[in-house]
Amino acid sequence: MGRFHRHEDGTVHTHDDGDHDHDHDHDHDHDHGDHSGYRTGAQRIEVLESIFAENDVLAEANRSAFESNGIRALNLMSSPGSGKTTILQATLDELAGEFAIGVIEGDIATDLDAAKLSGRGAQISLLNTSNGFGGECHLDAPMVNRALPGLDLPALDLVIVENVGNLVCPAEFDVGEHAKAMVYSVTEGEDKPLKYPVMFRSVDVVLLNKIDLVPYLDVDVDTYLQHVRKVNATAEILPVSARTGAGMAAWFDWLRRFAGPS
């Protein structure tokens with residue numbers, strides 16, 4: 001189908017793999033029937049716009065379901081291995097006694113992360129994206145909508161959507177959340193905000209995780225922070241260690257403000 005993405009203004013832009021820019025002003029008389037990319041470009045854009053439109057309609061339906069039950073919803077994103085689930089474990093251990101929390105646990109396959117979160121005082125609704133052909137690399141609003149019946153919404157204060165580990169696709173899809181957060185590990189390299197700006201630009205808070213490893217790595221935390229600031233001037237940046245607990249109090253306080261009475 002070619003590559004595509006949606007701009008911040010909602011328009012969809014495609015990049016066909018066969019695009020080329022040479023001039024056809026010269027005269028020649030052969031059939032262009034095999035240049036199907038030119039014929040189907042407009043159709044591709046229409047299809048993609050339809051996909052995003054359906055997503056946005058269901059995102060609003062999800063948000064309405066949350067709001068009608070007095071729930072605040074957070075979309076938690078990261079790349080694989082950043083420590084997102086470990087942070088979520090610590091979060092439930094700290095806050096499940098203060099707030100009634102539901103988690104929509106998104107993963108391509110297995111219930112491994114859902115099992116890690118069970119028994120920590122939260123409702124868990126597992127959402128596998130595997131379809132027999134590999135599975136989706138992100139959650140979208142229709143998927144989250146299908147997961148909602150797995151939660152007792154009237155009993156909840158906060159729903160955290162743990163998205164599939166990926167630094168690209170999850171940022172493109174509104175799932176009905178009220179805020180986006182991401183976990184970014186020092187082991188991933190300080191260049192990731194510059195290489196994946198859409199993700200970093202979309203979030204309200206960045207947790208720079210695994211700072212306990214800084215003494216053992218050739219990294220400069222200030223450079224990490226500067227690179228985040230180059231693409232997102234307003235997001236709250238919280239250096240943390242889910243393993244040692246360093247900095248986690250600031251994250252818990254952020255969630256208390258987010259989930260508490262407005």
Side-chain angles (χ1 to χ4, degrees), residues 1 3-6 8 10 12 44 46-69 71-82 84-85 87-89 91-92 101-118 122-183 196 198-199 202-204 258-259:
M1 239 183 93
R3 299 178 300 277
F4 67 92
H5 63 272
R6 177 165 58 174
E8 291 180 355
V12 177
R44 290 174 181 175
E46 288 172 5
V47 168
L48 294 173
E49 287 180 340
S50 176
I51 290 170
F52 282 125
E54 178 190 4
N55 182 86
D56 292 347
V57 167
L58 279 172
E60 286 304 317
N62 293 343
R63 201 161 8 252
S64 294
F66 293 137
E67 291 174 355
S68 66
N69 287 285
I71 293 170
R72 296 283 282 170
L74 179 72
N75 187 356
L76 184 62
M77 303 177 290
S78 77
S79 62
S82 65
K84 175 162 43 71
T85 303
I87 282 177
L88 197 45
Q89 286 177 296
T91 300
L92 297 183
I101 302 174
V103 177
I104 294 175
E105 177 55 49
D107 231 328
I108 292 176
T110 81
D111 63 351
L112 295 176
D113 287 347
K116 292 177 182 177
L117 300 177
S118 66
Q123 297 182 32
I124 311 294
S125 181
L126 176 62
L127 181 55
N128 284 145
T129 69
S130 179
N131 54 14
F133 300 97
E136 296 290 342
C137 59
H138 62 275
L139 299 184
D140 59 23
M143 295 178 199
V144 170
N145 188 264
R146 291 196 298 273
L148 291 184
L151 300 174
D152 181 12
L153 294 182
L156 297 178
D157 304 310
L158 171 66
V159 168
I160 300 175
V161 179
E162 184 175 4
N163 219 305
V164 177
N166 188 310
L167 274 183
V168 181
C169 302
E172 297 274 353
F173 291 86
D174 180 2
V175 299
E177 73 276 3
H178 298 100
K180 289 182 170 73
M182 73 169 296
V183 181
Y196 301 94
V198 173
M199 171 66 79
S202 73
V203 298
D204 301 282
F258 173 72

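Basis for what follows: all heavy atoms, side chains included, without hydrogens, waters or symmetry-related copies.
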Colleague: Please check: side-chain N/O of Asp174 versus main-chain N/O of Gly176, any donor-acceptor pairing under 3.5 Å?
Modeller: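 It does hold such a pair.
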Colleague: Can you list everything that forms a side-chain contact (heavy atoms from CB on, under 4.5 Å) with Asn128? Sequence neighbours excluded, please.
Modeller: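 If we apply the side-chain contact (heavy atoms from CB on, under 4.5 Å) test to Asn128, skipping adjacent residues, the hits are Asp107, Leu126.
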Colleague: Under 4.5 Å between any side-chain heavy atoms of Leu76 and Asn163, yes or no?
Modeller: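 No; the side chains remain at least 4.5 Å from each other.
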Colleague: Working note: Glu105 + Ser125, criterion side-chain hydrogen bond (donor to acceptor under 3.5 Å, both in side chains); need CA distance, chi angles, decisive distance, verdict.
Modeller: CA-CA 6 Å; Glu105 177 55 49; Ser125 181; over 6 Å; no
Colleague: Compile the donor-acceptor pairs under 3.5 Å between side chains in residues 141-161 and protein atoms, sequence neighbours left out, one pair per line.
Modeller:
unit_1	atom_1	unit_2	atom_2	d
Asn145	ND2	Asn62	OD1	2.8
Asp157	OD2	Ala100	N	2.8

Colleague: Check for a donor-acceptor pair, side chain of Glu177 on one end and backbone N or O of Val175 on the other, with a separation under 3.5 Å.
Modeller: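 Side chain of Glu177 to backbone of Val175, a donor-acceptor pair under 3.5 Å: yes, one is there.
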Colleague: Can you list everything that forms a ring pair (Phe, Tyr, Trp, His ring centres under 6.0 Å) with Phe66? Sequence neighbours excluded, please.
Modeller: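 Not a single residue meets the ring pair (Phe, Tyr, Trp, His ring centres under 6.0 Å) criterion with Phe66.
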Colleague: Are any of the side-chain heavy atoms of Tyr196 and Val168 separated by less than 4.5 Å?
Modeller: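 They are in contact (side-chain heavy atoms under 4.5 Å apart), so the answer is yes.
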Colleague: At what distance, to the nearest 0.5 angstrom, does CG of Asn166 lie from CD of Glu172?
Modeller: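 Those atoms lie 10.5 Å apart.
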Colleague: Return the minimal non-hydrogen interatomic distance between Ala179 and Phe258, and the atom names on each side.
Modeller: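 Reported closest heavy-atom pair: CB-CE1, 3.5 Å.
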Colleague: Could you work out, with side chain to side chain donor-acceptor pair (under 3.5 Å) as the rule, every residue matching Ser79, not counting sequence neighbours?
Modeller: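 Listed in chain order: Glu188.
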Colleague: Please enumerate all residues that pass side-chain contact (heavy atoms from CB on, under 4.5 Å) together with Val57, with sequence neighbours excluded.
Modeller: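 Applying side-chain contact (heavy atoms from CB on, under 4.5 Å) to Val57 gives none.
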Colleague: Partners of Asp113 by salt bridge (Lys or Arg N to Asp or Glu O under 4.0 Å), sequence neighbours excluded?
Modeller: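 Counting only residues at least two positions away or on another chain, Asp113 forms a salt bridge (Lys or Arg N to Asp or Glu O under 4.0 Å) with Lys116.
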Colleague: Is any side-chain heavy atom of Leu74 less than 4.5 Å from a side-chain heavy atom of Lys180?
Modeller: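 SC-SC contact between Leu74 and Lys180 ruled out.
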Colleague: Does a side-chain heavy-atom distance below 4.5 Å link Leu117 with Gln89?
Modeller: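 They are in side-chain contact.
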Colleague: Please report the closest heavy-atom contact between Met77 and Ala171, naming both atoms and the distance.
Modeller: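 The answer is SD-N, 4.0 Å.
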Colleague: How would you list, by chain and number, every residue that makes a side-chain contact (heavy atoms from CB on, under 4.5 Å) with Glu67, sequence neighbours excluded?
Modeller: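 side-chain contact (heavy atoms from CB on, under 4.5 Å) check on Glu67 returns Arg63, His178.
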Colleague: I'd like to check Met182 versus Pro170 (side-chain heavy atoms, cut-off strictly below 4.5 Å). Are they in contact?
Modeller: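 Of all side-chain heavy-atom pairs linking Pro170 with Met182, none is under 4.5 Å.
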Colleague: Starting at CG of Leu92, measure out to CD1 of Ile124 and round the result to the nearest 0.5 Å.
Modeller: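 Rounded to the nearest 0.5 Å, the CG-CD1 separation comes out at 6.0 Å.
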Colleague: Could you please spell out the steps behind the side-chain contact (heavy atoms from CB on, under 4.5 Å) verdict for Glu162 and Thr85?
Modeller: CA-CA 8 Å; Glu162 184 175 4; Thr85 303; 2.6 Å; yes
Colleague: Could you list the residues that satisfy side-chain contact (heavy atoms from CB on, under 4.5 Å) with Ser78, not counting sequence neighbours?
Modeller: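 Ser78: side-chain contact (heavy atoms from CB on, under 4.5 Å) contacts with Ser82, Lys84, Val183.
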